[in-house]
Engineer: 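The structure's right below; bear with me while I get my questions together.
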Protein chains: 2
Amino acid sequence: MKTMIENESNYTPSNYRTPDGAPTDVVIFTIVSTERLAVKKSMPTRELYVLLIQRKVWPFVGQWALPGGFTRETETIYECAQRELKEETGVEPMHLEYFNVYSTPGRDPRGWIISHAFLALVNEGVLKDRKAAVDAMDVRLFSVSEALTMELAFDHHQILVDALLKIRLQMLSTTIAKEFLPAEFTISELYQVIQTVVPEFEEKNFIRKITSTQSRKGIIEEARDRNGELKSSNLHSQRAAQLYRFTDHEPQLSIYS
Amino acid sequence: MKTMIENESNYTPSNYRTPDGAPTDVVIFTIVSTERLAVKKSMPTRELYVLLIQRKVWPFVGQWALPGGFTRETETIYECAQRELKEETGVEPMHLEYFNVYSTPGRDPRGWIISHAFLALVNEGVLKDRKAAVDAMDVRLFSVSEALTMELAFDHHQILVDALLKIRLQMLSTTIAKEFLPAEFTISELYQVIQTVVPEFEEKNFIRKITSTQSRKGIIEEARDRNGELKSSNLHSQRAAQLYRFTDHEPQLSIYS
DNA sequence: ATAATAGTGTCTGTTAGACAGTATGCG
DNA sequence: CGCATACTGTCTAACAGACACTATTAT
């Protein structure tokens with residue numbers, strides 16, 4: 001009972017309505033650290049932030065939205081996200097990753113528009129250099145908890161929720177924590193970054209597990225200067241802490257072994 | 001230096017070229033078991049297969065391609081994939097999952113066409129019921145190793161490679177093995193399914209780990225009949241083997257704990 | 001000295017990994 | 001009996017998890 005229409009064989013573009021554009025939307029996450037001024041030499045508080053822009057024209061005028069824009073026929077979706085991200089934040093993101101498509105009919109009042117959502121992770125150090133651009137009236141960082149309470153344009157609330165879920169899973173199963181840390185960091189900083197993204201994460205013996213458990217110790221290594229001496233930092237503590245760096249090893253997880 | 005064009009604010013559909021369609025392509029995997037006739041009461045050999053269709057019209061006439069078709073403006077991408085899959089195979093897939101977008105300019109000679117790739121896993125039992133439909137001249141199952149050597153239409157070779165990578169990762173990190181197994185199965189069958197998708201998988205003490213390791217034993221449970229008696233099967237062995245079933249528990253993996 | 005972070009000692013129970021050995025039942 | 005699959009016993013080393021304890025140093 002198969003007809004020709006059931007597979008794509010006899011398609012000609014003019015037979016059917018075609019989409020009115022293929023935009024990308026980028027969820028740009030960063031972690032903002034603020035020093036606790038009351039206490040010297042202590043760990044900063046960290047919070048997850050997301051970058052939003054305020055719309056100026058129809059539809060959703062005045063509402064905040066994820067940055068993004070329409071793909072050109074000469075570029076891939078990925079290149080479009082990369083271009084838009086650079087235009088918005090002035091940085092080449094270290095981590096830019098496609099994560100979902102949004103195609104519910106009616107999601108965009110401008111027409112039939114299927115949007116491609118990306119996840120970008122930006123180190124706050126990098127973003128700070130471009131603070132002027134990011135601090136414009138129409139481009140701002142919001143804490144994720146605040147952004148989740150806002151009425152965002154289109155289905156951007158759902159995209160944000162999905163992105164958050166994705167980054168939480170990835171934080172525990174990959175080494176993306178490195179995107180939020182400097183090249184060399186202390187175990188406490190790493191622990192804090194993980195907890196910032198996944199608040200329920202808790203490991204009592206974290207330092208021991210990650211440094212001396214054989215099956216896991218490959219993912220970070222001690223930082224050494226060019227004389228081979230161990231490097232440490234007392235930026236956030238009285239007692240200096242050993243610095244570590246991520247190796248290029250990505251562990252493979254298995255539920256069966 | 002931000003212009004209005006850099007964000008999507010002033011877009012009107014007529015300003016730019018729009019895509020010529022938003023199709024889906026579905027990579028349908030199944031595992032085919034064949035009894036080893038030489039040896040009675042032994043484990044079957046299993047192999048991963050993928051369903052392809054032979055194109056009848058321009059472009060890529062006569063070449064094999066992934067099934068799929070164009071999305072309608074009244075449905076989501078997911079609904080399109082579901083519809084096409086049902087039309088092609090006659091089954092509602094147990095597992096249908098979006099996994100990537102393909103947008104390289106020029107990938108489709110018919111125009112500017114961005115394709116959305118899905119991964120479907122179908123139990124061979126379900127597919128066997130529809131064998132007539134699937135055995136048509138233009139719709140066939142190929143072993144994945146054979147499909148990888150074929151010249152597929154469009155960029156479908158790349159899509160297949162990506163889908164294979166994805167399913168291999170998922171086989172070890174989620175319980176999708178259940179899609180390839182009957183509701184009740186033996187430990188050996190589970191082990192075989194995992195190895196069929198991930199040939200390098202090897203666990204010497206598999207049976208013990210999955211049944212009696214506290215942190216892992218939640219993912220499967222012993223099958224019992226309504227009297228509470230343990231169920232076993234001697235379909236593939238002289239000595240009857242205990243049957244198990246997946247629970248609805250999905251383990252959480254973490255590289256840090 | 002105090003506060004704040006960094007790290008170690010030690011104990012108990014669990015798990016990993018290897019491999020030999022036993023169990024079952026068809027042909 | 002032999003074979004193919006299904007388990008179980010046993011031993012060692014490594015790991016998990018808890019928590020008390022020591023270390024360092026700016027203020």
Side-chain angles (χ1 to χ4, degrees), chain A residues 33 35-46 172 184-195 200-220 222-223 230-244 251-257, chain B residues 33 35-46 172 184-193 195 201-220 222-223 230-244 251-257:
Chain A
S33 311
E35 300 297 329
R36 285 153 53 203
L37 294 175
V39 200
K40 293 282 186 191
K41 289 283 179 186
S42 65
M43 299 295 288
T45 59
R46 289 170 205 263
L172 297 182
E184 300 181 345
F185 52 87
T186 66
I187 300 292
S188 294
E189 287 175 316
L190 171 57
Y191 190 68
Q192 263 209 348
V193 162
I194 298 170
Q195 282 204 320
E200 61 272 26
F201 179 79
E202 190 187 323
E203 278 302 313
K204 290 278 166 61
N205 284 347
F206 184 68
I207 187 174
R208 173 170 278 154
K209 272 178 136 162
I210 202 160
T211 56
S212 50
T213 304
Q214 205 163 45
S215 57
R216 249 180 297 273
K217 70 182 166 200
I219 74 174
I220 60 170
E222 290 151 337
L230 293 172
K231 293 175 73 175
S232 59
S233 153
N234 68 341
L235 191 62
H236 298 305
S237 61
Q238 327 287 16
R239 175 174 171 178
Q242 175 62 45
L243 288 171
Y244 289 83
Q252 311 281 8
L253 291 175
S254 165
I255 63 173
Y256 298 116
S257 55
Chain B
S33 310
E35 300 297 329
R36 285 153 54 202
L37 295 175
V39 198
K40 291 280 184 194
K41 288 282 181 187
S42 66
M43 299 295 289
T45 58
R46 288 170 205 264
L172 296 182
E184 300 181 345
F185 51 87
T186 66
I187 301 291
S188 293
E189 287 175 317
L190 171 58
Y191 190 67
Q192 264 209 347
V193 163
Q195 281 202 323
F201 179 79
E202 188 186 326
E203 278 303 313
K204 291 274 167 63
N205 282 348
F206 184 68
I207 188 173
R208 174 171 278 155
K209 272 177 135 162
I210 201 159
T211 56
S212 50
T213 304
Q214 204 160 46
S215 56
R216 248 179 297 272
K217 71 182 166 200
I219 74 175
I220 60 170
E222 289 150 338
L230 293 174
K231 293 175 73 175
S232 58
S233 154
N234 67 341
L235 192 62
H236 298 305
S237 59
Q238 326 288 15
R239 175 174 171 176
Q242 174 64 43
L243 287 171
Y244 289 85
Q252 311 281 5
L253 291 174
S254 165
I255 63 172
Y256 297 117
S257 55

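Reminder, nothing fancy here: chain letters follow the sequence lines and each chain counts from 1. Only a predicted model underlies this, so the values are computations on that prediction, with no experimental measurement involved.
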Engineer: Look at the side chain of Gln242(B) and the backbone N and O of Thr186(B), then say whether any donor-acceptor pair between them is shorter than 3.5 Å.
Structural biologist: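 Not a single qualifying donor-acceptor pair exists.
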
Engineer: So, taking the atom named OG in Ser237(A) and the one named CE in Met43(A), what distance separates them when rounded to the nearest 0.5 Å?
Structural biologist: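 Interatomic distance, Ser237(A) OG to Met43(A) CE, rounded to 0.5 Å: 8.0 Å.
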
Engineer: Measure the distance from CD on Gln242(A) to P on dT8(C) and round it to the nearest whole Å.
Structural biologist: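 Going from CD in Gln242(A) over to P in dT8(C) covers 10 Å.
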
Engineer: Using 0.5 Å steps for rounding, measure from the CG atom of Leu243(B) to the CD1 atom of Ile187(B).
Structural biologist: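 Rounded to the nearest 0.5 Å, the CG-CD1 separation comes to 9.5 Å.
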
Engineer: Any side-chain heavy atom of Arg46(B) within less than 4.5 Å of one from Gln195(B)?
Structural biologist: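 No, their side chains stay 4.5 Å or more apart.
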
Engineer: Report, one pair per line, the protein and nucleotides 2-5 of chain C atoms (nitrogen or oxygen only) whose separation is under 3.5 Å.
Structural biologist:
{"from": "dT5(C)", "atom 1": "OP1", "to": "Arg36(A)", "atom 2": "NH1", "distance (Å)": "3.4"}
{"from": "dT5(C)", "atom 1": "OP1", "to": "Met43(A)", "atom 2": "N", "distance (Å)": "2.9"}

Engineer: Quick one: Lys209(A) NZ to dT15(C) P, roughly how many Å, whole number?
Structural biologist: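 One finds 13 Å between P of dT15(C) and NZ of Lys209(A), rounded.
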
Engineer: Rounded to whole angstroms, how far apart are CD on Glu35(B) and C1' on dC26(C)?
Structural biologist: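 To the nearest whole Å, that distance equals 15 Å.
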
Engineer: Within this structure, what is the CD-to-C1' distance between Glu222(B) and dC7(D), rounded to whole angstrom?
Structural biologist: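 The distance from CD of Glu222(B) to C1' of dC7(D) comes to 13 Å, rounded to the nearest Å.
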
Engineer: Both Ile207(B) and Asn205(A) contact DNA chain D. Taking the nearest nucleotide for each, which residue is further toward the 5' end?
Structural biologist: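 Looking at DNA chain D, the more 5' nearest nucleotide goes with Ile207(B).
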
Engineer: Expressed as a whole number of angstroms, how long is the span from Leu235(A):CG to dA6(C):P?
Structural biologist: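 One finds 11 Å between P of dA6(C) and CG of Leu235(A), rounded.
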
Engineer: Between Glu203(B) (CD) and dA18(C) (C1'), how many Å, whole number?
Structural biologist: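 Between C1' of dA18(C) and CD of Glu203(B): 12 Å.
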
Engineer: Could you check Lys204(A) against Tyr244(B) and say which one's nearest nucleotide on DNA chain D is further toward the 5' end?
Structural biologist: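 Per heavy-atom nearest nucleotide, the more 5' residue is Tyr244(B).
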
Engineer: Any idea which of dA6(D), dG9(C), dA16(D) is nearest the Arg208(A) side chain?
Structural biologist: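 Out of dA6(D), dG9(C), dA16(D), the nucleotide with an atom closest to Arg208(A)'s side chain is dG9(C).
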
Engineer: Tell me the interatomic distance from Tyr256(A), atom OH, to dA16(C), atom C1', rounded to whole angstroms.
Structural biologist: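 Whole-Å distance recorded here is 19 Å.
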
Engineer: With rounding to the nearest 0.5 Å, note down the distance linking NE2 in His236(B) to CD in Gln192(B).
Structural biologist: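 Spacing of NE2 (His236(B)) from CD (Gln192(B)) equals 8.0 Å.
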
Engineer: Atom NZ of Lys204(B) and atom NZ of Lys209(B): how far apart are they, to the nearest 0.5 Å?
Structural biologist: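 So the gap between those two atoms works out to 11.0 Å.
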
Engineer: What is the distance, to the nearest angstrom, from the CG atom on Asn234(B) to the C1' atom on dT24(C)?
Structural biologist: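 In whole Å, dT24(C) C1' and Asn234(B) CG are 10 Å from each other.
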
Engineer: With sequence neighbours excluded, tell me which residues meet ring-ring contact (aromatic ring centres under 6.0 Å, His included) with Tyr191(A).
Structural biologist: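 For Tyr191(A), the residues satisfying ring-ring contact (aromatic ring centres under 6.0 Å, His included) (neighbours in sequence not counted) are Phe201(A), Phe206(A).
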
